[in-house]
Amino acid sequence: MTESTAARKPRRSAGSKAAGTTGTKAAGTTGSKAGTGAQRTTSTTRTAAQKGSETELVQLLTPEGERVGTAKNSPYAEYASYVADITPDELRGLYRDMVLTRRFDAEATALQRQGELGLWASLLGQEAAQIGSGRATREDDYVFPTYREHGVAWCRGVDPTNLLGMFRGVNNGGWDPNSNNFHLYTIVIGSQALHATGYAMGITKDGADSGVIAYFGDGASSQGDVSEAFNFAAVYNAPVVFFCQNNQWAISESNEKQTRVPLYQRAQGFGFPGVRVDGNDVLASLAVTRWALDRARRGEGPALIEAYTYRMGAHTTSDDPSRYRHDDERVAWEAKDPILRLRRFLESAHHADEGFFAELEAESETLGKRVREVVRAMPDPDRFAIFEHAYADGHALVDEERAQFAAYQASFADAEGV
Amino acid sequence: MTESTAARKPRRSAGSKAAGTTGTKAAGTTGSKAGTGAQRTTSTTRTAAQKGSETELVQLLTPEGERVGTAKNSPYAEYASYVADITPDELRGLYRDMVLTRRFDAEATALQRQGELGLWASLLGQEAAQIGSGRATREDDYVFPTYREHGVAWCRGVDPTNLLGMFRGVNNGGWDPNSNNFHLYTIVIGSQALHATGYAMGITKDGADSGVIAYFGDGASSQGDVSEAFNFAAVYNAPVVFFCQNNQWAISESNEKQTRVPLYQRAQGFGFPGVRVDGNDVLASLAVTRWALDRARRGEGPALIEAYTYRMGAHTTSDDPSRYRHDDERVAWEAKDPILRLRRFLESAHHADEGFFAELEAESETLGKRVREVVRAMPDPDRFAIFEHAYADGHALVDEERAQFAAYQASFADAEGV
Amino acid sequence: MAAEKMALAKAINESLRRALESDPKVLIMGEDVGKLGGVFRVTDGLQKDFGEDRVIDTPLAESGIVGTAIGLALRGYRPVVEIQFDGFVFPAYDQIVTQLAKMHARSLGKVKMPVVIRIPYGGGIGAVEHHSESPEALFAHVAGLKVVSPSNAADAYWMMQQAIQSDDPVIYFEPKRRYWDKAEVDKEAIPGPLHAARVVREGTDLTLAAYGPMVKLCQEVADAAAEEGRSLEVVDLRSISPVDFDTIQASVEKTRRLIVVHEAPVFLGSGAEIAARITERCFYHLEAPVLRVGGYHAPYPPARLEEEYLPDLDRVLDAVDRSLAY
Amino acid sequence: MAAEKMALAKAINESLRRALESDPKVLIMGEDVGKLGGVFRVTDGLQKDFGEDRVIDTPLAESGIVGTAIGLALRGYRPVVEIQFDGFVFPAYDQIVTQLAKMHARSLGKVKMPVVIRIPYGGGIGAVEHHSESPEALFAHVAGLKVVSPSNAADAYWMMQQAIQSDDPVIYFEPKRRYWDKAEVDKEAIPGPLHAARVVREGTDLTLAAYGPMVKLCQEVADAAAEEGRSLEVVDLRSISPVDFDTIQASVEKTRRLIVVHEAPVFLGSGAEIAARITERCFYHLEAPVLRVGGYHAPYPPARLEEEYLPDLDRVLDAVDRSLAY
Ligand SMILES: Cc1ncc(C[n+]2csc(CCOP(=O)(O)OP(=O)(O)O)c2C)c(N)n1
Ligand SMILES: Cc1ncc(C[n+]2csc(CCOP(=O)(O)OP(=O)(O)O)c2C)c(N)n1
Ligand SMILES: [Mg+2]
Ligand SMILES: [Mg+2]
């Protein structure tokens, strides 16, 4: 991984590299305790940030497809309890969600290559984080996505072809957010974290018991708006779950450029819990999100989930990751593929047979075909749409300009003798 | 203290009030551990925020004037070591600084009442936090104040009358920041935290070993810019100390409106240590700031100091605190007065005699008199100053408008027959 | 008649009270809006009567205030947000410009954004830096926002009612130096449209167009000019986006001369657009170019210089002379 | 002659390289400016050659980027900041407007702010929301900032040199749809002043004034008009704050007609100020009101509509017809 020299290098080389394990904790009450020394703190937290070691992750399904963490004395038993009685049917459902989402995503990438879309932001590799968390939401919960949550949209029942309008350039995301309680994609990084918090404050005011989940990336965590959202959520004890998909990259910048410590730790400084979950483990993602939404709905306030995952593809179809990262990194992550591991489990537990997989394959094909057809048939918007929704209650200047525009258009019609 | 209902009240009354003591810590690695339960976390952190109990403070001088924390096994021994060999002379110096600062401040308040200043932001009660931290700075360190750091300015050798220009309305703070490495007062809350961080990044680039200290208030901690500054400082390991004077109030808003947990804890989530110090204890403030600046200069990165103190007066001379807080709160804090406690210590340790106090009283009077005289003699700026420094390299539009302005002014001269 | 004489600040206070009473979805949010009642006391007494759930003291973070207000609007609330002073709106500018202004269009009309942002603005009160600015053009240039500014207590009352009822975001600029000016407010009057300009003084020789704090000045200018035998018409624009160009045009077709007065810097201030558009509309009517009187292209000066910086009687009269000299 | 043909993006790249080479205080900061070389490759190769200490990939926080750049400038550095796209400058707007722009005046000239903020701007590349905007008026209205936009590779090269050498903050708008347009760049030429406009085509019947991406369009318009026997003069403004009114005035005194073209919305766009001021300066010369062609008062539309939204050959020619009809 790329390392920032500026960030790593102490200005004097001596003294600051001693090992230690209590780093951040030492600062827990009144800074690093006297005597244990500040130097330790520094180098320790740094190390933690760079490793992000597996042991910190909540994991319920290993890359090999083994269910773990269910033992009563497991450190993750409380989370595990949220998926303890998951049925084979539900497991197959999660598998199906991931496969179809990946298929949809691949189709969209292909459509971009064919010129049908202007751009596509692929979720490849992040299916478990999205399906796990998405399936943890209740119908009356509200979801605030960023621009890559195609899997969450799927869980919310948003027709996937609706997601393509903005990438094709026919609208800026024109689905009705209230039909599925799935807000519009938000491109300005981090903005939606505040909207989610405000929405959650509104739920509290209404005396309702639903929850809100806000998605954002590792890069987004650096935005002031995200910190402000953390703070508002904490102060108002708002029922909002912050779901950070740490896919290791913000375009070309690796985690070290964004943060000195693992991101889930950010929550603590604002006064609510943070959890790092294996974002390639759909079960763990489901469990931890259920836990977080549950406590939010119970009035226990916000939580931050850092789903540790990987962006397998380019940032978007415009991006060329070979400029900034090595292929072996991707290869290493492929071994932790979210779909593969659930398939292994389904197979070894005899929860799914060949017929299931074959049927799903066929369903995938059908989905791909439908997406292709719908996109190709998607009409360009009427040119007057420019003015259509600038205001809800109208605006004299817009009216004036629309009229001028109409007259101008009409002048061509005249010229063409229509 | 005023409590925010919105913040306190869980949406459902059941379940969330269980006691516990490990709150935030439980979230330290992967959220609150399974089993120990999220409910605990919530109510615990809440309690901590509301209490802000004395035991969390680094204190080296009690309100009664007793030196504490010097024992080797004291939890604050490391900090104490930074003032272990402080001389009686230095102690008298700190006392003098605080007394003169308070006197200057009182004079400014009086001048505002007399109409000589448009506004004044008093530091009454915060002398120890400011003098302690200010005296911890080295000449080559750089200070970024907010608008209330008159005591820090004093320590930096800024002529106090220079601070009055902006409050009188003759300039926007026109001292030369580079004469004393004391930046201009910054009114837009939180902005200067980023400037300080950038400046500190520059120190690193220069290979220098000085430090930077950024002052801000409890209210400012909520600004996105402050969080971004924390993050940049951590990522670039910048030699900056964030010094938050928690004077309990942001105009009319008490701490509960700003944060759910004690502010020093914020640092931890960004990967550097945070310390809460008794901000009415000049020795502890000095020690902790020395510690933090020292580690910054050694290349160990940022630290956050929360100086727990109290705004004894109004927010500014425009404010009327009786609208939002009870007088008994101020009375209770008076017992912890920063100046009184050092006087008690100086007297009981026989470090200062009557002569010293009498001389200081006379010096105070002289200072007051000088301030009065200088302010009253402060001329209004030349009207062309409006255009003077809008740009460093000139700007055609400014030139044009200046010329028009001059012609317009001249027209009166003509009319008046001058 | 239900008319009652009250100060402009009080009129806004009463208008907010009425909105809180009549619609449970209306919220007040901002720094110090609770017990303190805001630094100008515009929200005085509201938290006491409507509770902390509806009159909300927020953390000190303007982006957070506007961002959560957007979320609350998505949930069906109608937040009225206070920005403490003009110079402190900028931390919220991103949320206002990229989110609040565009949400309705982005959603193809599915989502409404009934958020009012109150901003006390302008100079003349001898304040320190950032407390005297007039940034209205920075909002008026942005599509999706409506921008208004009342000049008197009656308009302040009614325009606030209308702003809160609007399903579009409204930036409501309050002329802070006029907060204490009193006028009759008729709470039962049926007001005209929020965006209509109003001829507040008829005249034949020249039109002065202004909004917010400068309307009073223009009326004083008209008085002074009358003594010299000049008949000035004064138009109170009331709305800065949209601008009621029809009313200005009608006036200019009569007077053939126009001066726009605002405290904001002239360069790219609202007067630029009014000058450009009125010149287009009235090209053959104008006997002089549209002149503008406003702030200079320099940071707002320290208080002791603000009288030099701000338009005043003499400067506007000087412009009147110049216009009439054509 | 040292002239070399290169694309506009490459010219900026070479100009940055030259600045990094000649002044150790120059820094490049921004998101993805390092290994990736920026999403438009404008900083391609710079980190490799000058190291991570001088070409700095920052956290994803625009306010943080500009705020720390201010601090670095206070320490004596000359940061050149990249904002990834026009629509993402707003989180930094507060730092730019309240700090960067005012620091020099606030300090009575004691502190200089040699910070350049590069913003790829404008439409025409079929991008998603927030990637095609033209917010330059929002900066030009703010005193303390200089705002420029080159239209071609040679200007891009030299104006960047001059922007970096300026002790004032310069907002440097890069016409992203012209990044790949090539032109001769003479690296030894001695350039004129940063803020001087330039007549890029002489004509007698009407003046077109534009900057950045619209200069090329105006030249095409002039070509097309020439075929109809009309002689249009084209002025490349180059600087948006300050505007070189003298050059425009001289042109208009000759042609007696002016059209300002920009992608930004017309309402309170730079054209408003130019129209207002040129009308004042040339009142007796103008045979038609100054016309403006620009974006509409609506959020920038989705890509499939941008051709309808943006000024194009036909729309400018239509304005030419209208102007000449007076
Ligand atoms: C305010 C803002 N700045 C810059 C961008 C450009 N940009 C788009 S995506 C992106 C990286 C986001 O990274 P991350 O938050 O980790 O999300 P990911 O794309 O990895 O899902 C950047 C810089 C933006 N959209 N918004
Ligand atoms: C961005 C911004 N918003 C609002 C204000 C108005 N204001 C000035 S001081 C203040 C309270 C600051 O509280 P705190 O940070 O605790 O500092 P203190 O005044 O207590 O020293 C507020 C809201 C401001 N100056 N800047
Ligand atoms: Mg990412
Ligand atoms: Mg405070």
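Quick caveat: nothing in here was measured; it's all calculated off a predicted structure. So that the names make sense, note that chain A is the first sequence line, chain B the second, and so on, each numbered from 1.
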Between [X] (side chain only) and [Y] (backbone N and O only), is there a donor and an acceptor less than 3.5 Å apart?
X         : Y         : result
Asp168(C) : Ala392(A) : yes
Tyr391(A) : Leu145(C) : yes
His389(A) : Leu108(C) : yes

**Request:** For the pair Glu400(A) and Arg281(C), find out whether any cationic side-chain nitrogen is under 4.0 Å from an anionic carboxylate oxygen.
**Result:** yes
**Note: Asp393(A)-Lys112(C) ion pair, threshold 4.0 Å (strictly below)** = no
Which answer fits [X], side chain, backbone, both or neither, if we ask what part of it has an atom under 4.5 Å from a heavy atom of chain C?
X         : result
Gln223(A) : neither
Thr186(A) : side chain
Tyr185(A) : backbone
Leu184(A) : side chain

**Asked** Among Asp206(A), Ile187(A), Thr197(A), Val212(A), which residue forms the greatest number of heavy-atom pairs with chain C at distances under 4.5 Å?
**Response** Asp206(A)
**Complete:** Assert top hit (heavy-atom pairs under 4.5 Å, partner chain C, pool Ser191(A), Ala390(A), Ala396(A)) equals Ser191(A)
Report which part of [X] has an atom under 4.5 Å of a heavy atom belonging to chain A: side chain, backbone, both, or neither.
X         : answer
His104(C) : both
Asp94(C)  : side chain
Lys102(C) : neither
Ser107(C) : both

**Asked** Taking all atoms of both residues into account, what is the closest heavy-atom pair of Ala208(A) and Arg75(C), and its distance?
**Response** CB-NH2, 3.8 Å
**Request:** Kindly give the heavy-atom pair with the smallest separation between Asn172(A) and Arg106(C), and that separation in Å.
**Result:** O-CG, 3.4 Å
**Prompt:** For the atom pair OG (Ser239(C)) and NE2 (His395(A)), what is the distance rounded to the nearest 0.5 Å?
**Reply:** 6.5 Å
**Message:** Return the CD to CD distance between Gln99(C) and Gln192(A), rounded to the nearest 0.5 Å.
**Reply:** 8.0 Å
**Request:** Sort by residue number and list every member of residues 60-69 of chain C having a non-hydrogen atom under 4.5 Å from chain A.
**Result:** Ala61(C), Ser63(C), Gly64(C), Ile65(C), Gly67(C), Thr68(C)
**Asked** Going through the checks in order, is the side chain to side chain contact (heavy atoms under 4.5 Å, CB included) test met by Ile56(C) and Tyr236(A)?
**Response** CA-CA 10 Å; Ile56(C) 308 165; Tyr236(A) 297 108; 3.3 Å; yes
**Item:** Residues Leu397(A), Val243(C); criterion side chain to side chain contact (heavy atoms under 4.5 Å, CB included); working and verdict
**Value:** CA-CA 8 Å; Leu397(A) 176 62; Val243(C) 171; over 6 Å; no
**Complete:** From the list His195(C), Arg277(C), Lys146(C), the residue making the most non-hydrogen contacts under 4.5 Å with chain A is Lys146(C)
**Request:** For side chain to side chain contact (heavy atoms under 4.5 Å, CB included), just list the numbers for Leu72(C) and Lys205(A), CA-CA rounded to whole Å, side-chain angles, deciding distance to a tenth of an Å, and then say yes or no.
**Result:** CA-CA 10 Å; Leu72(C) 282 158; Lys205(A) 282 184 203 306; 4.2 Å; yes
**Prompt:** Are His183(A) and Leu74(C) close enough, and set up right, to give a side chain to side chain contact (heavy atoms under 4.5 Å, CB included), and what steps lead you there?
**Reply:** CA-CA 9 Å; His183(A) 192 65; Leu74(C) 290 170; 3.5 Å; yes
